[in-house]
Engineer: 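Take a look at this one; I'll ask things after.
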Amino acid sequence: MELRAGQKLHSAVCEAQFVVVRAPADTVEVACGGAALLDHEPTADERGELDASLGDAPLLGKRYADEEVGLELLCSKPGKGALTR
């Protein structure tokens with residue numbers, strides 16, 4: 001997905017939501033709980049199963065950055081799925 005600063009992202013497997021603080025120049029896929037983040041509220045068909053084995057859940061207000069690709073996300077609503085790239 002091509003990301004842009006200010007964009008809101010939603011998890012398809014839990015309640016987690018993120019805001020893009022810094023967007024990478026290239027397209028990148030970011031996931032939460034084992035499913036790609038969506039740029040809209042997930043529909044019933046888009047909901048998936050949470051993979052709890054991927055790590056710790058995101059924390060409200062915490063910034064998550066990947067300096068390698070130039071990505072920074074802010075957790076605006078916590079959930080149970082781990083943030084991965």
Side-chain angles (χ1 to χ4, degrees):
M1 172 186 319
E2 196 168 317
L3 302 176
R4 64 187 185 288
Q7 183 178 16
K8 189 181 230 184
L9 302 174
H10 305 265
S11 172
V13 297
C14 68
E15 303 80 26
Q17 293 179 9
F18 303 89
V19 175
V20 178
V21 176
R22 186 171 34 123
D26 296 323
T27 300
V28 64
E29 184 173 312
V30 183
C32 181
L37 288 173
L38 305 172
D39 61 357
H40 58 276
E41 289 278 345
T43 63
D45 292 342
E46 293 173 314
R47 290 261 175 219
E49 289 291 319
L50 174 69
D51 184 350
S53 69
L54 296 173
D56 296 330
L59 301 173
L60 178 64
K62 182 164 172 55
R63 290 177 185 246
Y64 295 88
D66 184 335
E67 299 300 328
E68 184 179 313
V69 297
L71 173 65
E72 185 175 348
L73 301 177
L74 171 67
C75 179
S76 59
K77 186 175 181 183
K80 296 181 180 180
L83 192 60
T84 57
R85 181 180 74 80

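Every heavy atom of this structure was used, including side-chain atoms; hydrogens, water molecules and symmetry mates were not.
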Engineer: Got L38 and L9 here, is their nearest side-chain heavy-atom distance under 4.5 Å?
Structural biologist: no
Engineer: Side chains of Q7 and M1: closer than 4.5 Å at any heavy-atom pair?
Structural biologist: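 When only atoms from C-beta onward are counted, M1 and Q7 do touch, with a gap below 4.5 Å.
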Engineer: Under 4.0 Å between a Lys/Arg side-chain N and an Asp/Glu carboxylate O for E41 and K8?
Structural biologist: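 Result for this pair is no, no salt bridge flagged.
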Engineer: Quick one: does V20's side chain get under 4.5 Å of R4's, heavy atoms only?
Structural biologist: no
Engineer: Going by side-chain hydrogen bond (donor to acceptor under 3.5 Å, both in side chains), name the pairs with one or both residues in residues 49-61, residues two or more places apart or in two chains.
Structural biologist: D51-S53
Engineer: Is the closest side-chain heavy-atom distance between L3 and P24 below 4.5 Å?
Structural biologist: yes
Engineer: Could you state the interatomic distance from CD (Q17) to CG (L73), rounded to the nearest 0.5 Å?
Structural biologist: 12.5 Å
Engineer: Indicate the atoms forming the closest heavy-atom contact of C75 with P58, along with that distance.
Structural biologist: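 Smallest heavy-atom distance, with atoms named: SG-CB, 3.9 Å.
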Engineer: Quick one: OG on S11 to NZ on K80, what's the gap to the nearest 0.5 Å?
Structural biologist: 11.5 Å
Engineer: Please check if the number of heavy atoms outside E46 that lie under 6.0 Å from its CD is greater than 12.
Structural biologist: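 Count over threshold, so yes.
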Engineer: Are L37 and V69 connected into the same hydrophobic cluster when the rule is that any two of I, L, V, M, F, W, Y join if their side-chain heavy atoms are below 4.5 Å apart?
Structural biologist: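 Result: yes, single cluster for both.
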Engineer: Which heavy-atom pair separates C32 from C14 by the least distance, and what is that distance?
Structural biologist: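 Closest approach of C32 to C14, heavy atoms only: SG-SG, 3.9 Å.
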Engineer: Test side-chain contact (heavy atoms from CB on, under 4.5 Å) on F18 and S76 and set out the steps.
Structural biologist: CA-CA 5 Å; F18 303 89; S76 59; 5.5 Å; no
Engineer: Is there side-chain contact between L83 and V30, with at least one heavy-atom pair below 4.5 Å?
Structural biologist: yes
Engineer: Are L71 and L59 linked, directly or through other ILVMFWY residues, by side chains that come within less than 4.5 angstrom of each other?
Structural biologist: yes
Engineer: Taking the side chain as every heavy atom from C-beta outward, state whether R85 and V28 have any atom pair closer than 4.5 Å.
Structural biologist: yes
Engineer: Given side chains that start at C-beta, do those of E15 and P78 come closer than 4.5 Å, heavy atoms only?
Structural biologist: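 SC-SC contact between E15 and P78 ruled out.
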